[in-house]
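Scroll down for the structure; my scribbles are underneath it.
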Amino acid sequence: MNDESQPQPANFEAAKSDVQRKTLDQREQMNELMRLRHSCAHILATAVLRLWPDARLDIGPPTDEGFYYDFDLTHRFTPDDFPKLEEAMRQITKENQVFEKSIKTQAEALAYFEGKGQKFKVERLADIPEGETITFFQNGEFVDLCAGPHVMRTGNVKPGGIKLLRVASAYFRGNEKNPQLQRLYGTAFKNKEELDKWILQQEEAKKRDHRKIGAEMGLFAFDAEYVGPGLALWLPKGAVLVEELEKLAKETEFLAGYVRVKTPHLAKEKMYKTSGHLPYYAESMFPPMELDEFAAERQVLRKQIAVADHRIREEFKSRHPINEPGSSISEKAFGNFMDEYIDEVMHGRVTPSPKDEALFTELRKLTTEEARLPLDRYFLKAMNCPHHHRIFAAEPRSYRDLPLRLAEYGTNYRYEQSGELFGLMRVRAMNMNDAHLYFTPEQFADEFRAVNDMYLKYFKIFGIEKYVMRFSTHDPARLGVKFVNEPELWKQTEDMVRNVLIESGINYVEVPNEAAFYGPKIDVQVWSAIGREFTIATNQVDFAVPARFGLVYKDRDNSLKTPLCIHRAPLGTHERFIGFLIEHYAGNFPLWLAPEQVRVLTLNDDPALVEYAKAITAELRAHFVRVEGDYSADPVKAKIADAETAKVHTMLVVGQRDLEAGGVSVRLHGKGNVGAKPKDEAIADILAAIRERRA
RNA sequence: GCCGGUGUAGCUCAGUGGUAGAGCAACGGUUUCGUAAACCGUAGGUCGUCGGUUCAAUCCCGACCACCGGCUCCA
């Protein structure tokens, strides 16, 4: 985007992301509900100004969920304010004010908002592209800079269809360097019935929340006190999910020619300096562990350094009258001056006086000595690629070895900001479904296509129908700044990626300027069953970092070449993917994934019957089926209720009749009794469904 | 990290300035029953943590921690 011609905001940072403003055409296409919600945002602002006339306004757009409006005012909104705000909003709808549009010049608009002290509106004015018409909308006493569109009158909004939801904070223009505004979220529907329906849906969605189901089913736990926030503990039933997922991935990758590797959870500082993650990624990494084998020597040297430093200061002081009574130079100012002076001399930018020279020589000698004492810093790995690069480097490679596909579900540790943690979806220790593919440029298209095919294969297994691939590309104007300066490689790889996407008929969107610094990438966005959107998988081309590690293979012509690399994680992290699956299936997993696949229930505790049931359980267990038995004398209704609550996939109920017939009666979770069949047939069905990973 | 909210038994929730209850789950008994809940009993909590106010704090105040909803960030 070319922003240079636009008036620049004076005091605030520009928007952080390059999100496009809506064009006027796009705005005209806003549907009925969006118009309604947009108008509600104005009604909310009207209400806020009635109650707090000194509020400063930012913007108030509609969203998929409702609408919001950002305010700056000294009063802090709390949910206690909602009833009176909602009441004021209802009043405004009853006043049935007309939304009146008027066209303004930049100067008129500027004068209006400056006159009102609405500094955020003044900033927003500067965002409007030159030549675009500036419009105001007025309803009653409230005037807003707004491109519309709106409903005709405030009365079109039904009082019963409005609800304020929450108060949050938001940075002005979404940039954390800007002031924080108070954001009021609300929603609006055509009428009360629609709103109530939505509220009901929200409640249903809550029941599907992976955190709730995870606790109910005993899948995972967090122990912030002893283990730490964002560090999931997989309970036995949840560990089953991890293992099944890994088993699927291992089989899939084995068939696709991957080889497995294992690497440690930490590495020395040099690793991440070489990869480029330090210092740029340092904030997202756990602080390093320092191993100081020479702590005692270091301590002695540091004391000597302090003495030498002090001598220089005293010597300097003795030659200058700064410590005499009446001197205008404070101790602190002198200290600052000396800090700078010593620093300058030590860096060779200033030559000390001959008198100081000897003292500086001593200081230099000591600091050099200290610097020579090795200090090892180890970092927990935030990604696996550097370790895999070192595996590539561990043996000489020939073009005959390529493509080399190294897979490992390594645990990565990322120091996510505390406010970011979110159940399993955002954690601090995660198992990446990771692999790094090293190959020649000629092999690129095949490798990339194969990775995409793998995604699609997985999506099919899990019944993921709604997804978007975000294809992030570079910006040629920022080569050498944000992106490595390899215009040809960028063009080639992006073209190849684009072709693969088009040929495969994959639903994708291209996002310029969002590539990684080392290459284009594809992120896969999915929506969980309760509407949560997140990135599940990533597939990145890397034509820069292997070179930083000096990775080479010997080509046909006996020359050394740097391989291309793909970094791919089709299941993302196992934490997030399982969080997604829990919501996707609402905890009702297909048989192959179900933590407890089968439970054998007896009608009573008659010894012969129990013996029969135990034999069935043992047979299933011998086939590695996760099966439990409930042989108690409790009523079968109660035992079934227990099994249903536990979301056991298949229940085999056995009574006297089944014992005599050598059969079982099969009941499926959520589907009820599906009838009796011979025991061997039932077991064969179960084994086949598991083997085929039937949905 | 920032803004707002929340924190009582394993879970869902009552409750009060005078050191706490219910249902379900758990445990012990009884119950012998054909597809979603049989009965009786027992046990279980320093009311998130630490300070403060008070004769007395789970309740009032403060700080911290964690979680929830957002912002920013991200797999």
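Each chain gets a letter, A, B and so on, in the order its sequence line appears, and its residues count up from 1.
- Within 4.0 Å of A/V653, counting heavy atoms only, lies at least one base atom of the nucleic acid.
- The side-chain hydrogen bond (donor to acceptor under 3.5 Å, both in side chains) test with A/H436 is passed by exactly one of A/H388, A/E408, A/H387: A/H388.
- B/A37 makes up no base pair with any nucleotide shown, lacking Watson-Crick or G-U wobble contacts both under 3.5 Å.
- Distances were taken from every side-chain heavy atom of A/P635 (C-beta onward) to each of B/U31, B/A36, B/A75; the shortest belongs to B/U31.
- What separates CG of A/D223 from P of B/G10 is a distance of 14 Å, to the nearest Å.
- Note on A/R426: a base of the nucleic acid sits closer than 4.0 angstrom, heavy atoms only.
- Counting non-hydrogen atoms under 4.0 angstrom, A/M425 reaches a base of the nucleic acid.
- Between the OH atom of A/Y69 and the P atom of B/C3 there is a distance of 23 Å, rounded to whole Å.
- Using a 4.0 Å heavy-atom criterion, one finds that A/F422 contacts the sugar-phosphate atoms exclusively.
- Annotation: cation-pi geometry satisfied between A/R260 and A/Y409 (NZ/CZ under 6.0 angstrom from ring centroid, within 45° of ring axis).
- Taking atom P on both B/G5 and B/C61, the two are 12 Å apart, rounded to the nearest angstrom.
- Each of A/T573 and A/N604 has a nearest nucleotide on RNA chain B; the 5'-most of these lies closest to A/N604.
- Remark: C1' of B/A75 and CZ of A/R568 are 13 Å apart, rounded to the nearest angstrom.
- Side-chain N or O atoms of A/R173 include one that pairs as donor or acceptor with a backbone N or O of A/E123 at under 3.5 Å.
- No side-chain donor-acceptor contact under 3.5 Å links A/R405 to the backbone of A/Y258.
- Nucleotide B/C47: unpaired (no Watson-Crick or G-U wobble partner with both distances less than 3.5 Å).
- No N or O donor and acceptor, one from the side chain of A/D642 and one from the base of B/A37, sit under 3.5 Å apart.
- Checked by atom type and distance alone, the side chain of A/D658 pairs as donor or acceptor with a backbone atom of A/G655 at under 3.5 Å.
- Put simply, the side chain of A/D658 and the base of B/G34 share a donor and an acceptor less than 3.5 Å apart.
- A/Y185 comes within 4.0 angstrom of the backbone, heavy atoms only, and of no base.
- Base pairing of B/G21: its partner is B/C13, meeting the Watson-Crick or G-U wobble criterion (both donor-acceptor distances under 3.5 Å).
- The distance from atom CZ of A/R211 to atom P of B/U12 is 13 Å, rounded to the nearest whole Å.
- The aromatic ring centres of A/F120 and A/F172 sit less than 6.0 Å apart.
- Atom P of B/G7 sits at a distance of 14 Å from the matching atom of B/U16, rounded to the whole Å.
- As rounded to the nearest Å, B/U19 and B/G29 have P atoms that lie 37 Å from one another.
- B/C68 atom C1' lies 9 Å from atom NZ of A/K206, rounded to whole Å.
- Checking B/C74, B/C3, B/A36 against the side-chain heavy atoms of A/K637 singles out B/A36 as nearest.
- Contact annotation for A/R576: base contact, defined as any heavy-atom pair under 4.0 Å involving a base atom.
- With a 3.5 Å ceiling on both atom-pair distances, the Watson-Crick or G-U wobble partner of B/A26 is B/U42.
- A donor N or O paired with an acceptor N or O is found under 3.5 Å between the base of B/U72 and the side-chain atoms of A/E420.
- The phosphate of B/A36 has OP1 or OP2 within less than 4.0 Å of a side-chain N or O from A/R667.
- Summarising the geometry, the separation between CZ on A/F71 and P on B/C71 is reported as 17 Å, rounded to the nearest angstrom.
- Taking 3.5 Å as the limit, the base of B/G1 and the side chain of A/Y415 contain no donor-acceptor pair of atoms between them.
- Distance noted for atom P between B/U58 and B/A26: 32 Å (whole Å).
- A cation-pi arrangement is present between A/R428 and A/Y415 under the rule of less than 6.0 angstrom and at most 45 degrees off the ring axis.
- For A/H210 (side chain) and A/L424 (main-chain N/O), a donor-acceptor pair under 3.5 Å exists by modelled atom type.
- At least one donor-acceptor pair under 3.5 Å links the side chain of A/K639 to the backbone N or O of A/T602.
- Contact annotation for A/Q182: no contact, since no heavy-atom pair falls under 4.0 Å across all strands.
- Pairing for B/U6 goes to B/A66, judged as Watson-Crick or G-U wobble with the two contacts each under 3.5 Å.
- Across B/G44 and B/G10, the matching C1' atoms stand 10 Å from one another, rounded to whole Å.
- Separating the C1' atom of B/G1 from that of B/G62 is a span of 22 Å, rounded to the nearest Å.
- For the C1' atoms, the distance from B/G17 to B/C47 is 14 Å, rounded to whole Å.
- The base of B/G70 sits with one of its N or O atoms less than 3.5 Å from a complementary donor or acceptor on the side chain of A/S169.
- Rounded to whole angstrom, the span from the CG atom of A/D70 across to the C1' atom of B/C3 amounts to 12 Å.
- If you take atom P in B/U49 and the same atom in B/A20, they sit 15 Å apart, rounded to whole Å.
- Put simply, CD on A/Q540 is 12 Å from C1' on B/C74, counting in whole angstrom units.
- Comparing B/A36, B/G34, B/U31 by their closest approach to the side chain of A/I640 singles out B/A36.
- Among the atoms of the strands shown, only primed sugar atoms or phosphate atoms (P, OP1, OP2) are found under 4.0 Å from some heavy atom of A/A170.
- Heavy atoms of A/R657 sit under 4.0 angstrom from at least one base atom.
- Looking at heavy-atom distances under 4.0 Å, A/N412 makes no contact with the nucleic acid at all.
- Each of A/R166 and A/A537 lies near RNA chain B, and the nucleotide nearest A/R166 is the one positioned closer to the 5' end.
- The partner of B/C60 is B/G52, by the rule that a Watson-Crick or G-U pair needs both atom distances under 3.5 Å.
- Backbone-only contact: A/P229 has heavy atoms under 4.0 Å from sugar-phosphate atoms and none from a base.
- Across all strands, A/L181 comes closer than 4.0 Å to no nucleic acid atom at all (heavy-atom distances).
- Among the atoms of the strands shown, none is found under 4.0 Å from any heavy atom of A/E575.
- Using a 4.0 Å heavy-atom criterion, one finds that A/T645 contacts the bases of the nucleic acid, with or without backbone contacts as well.
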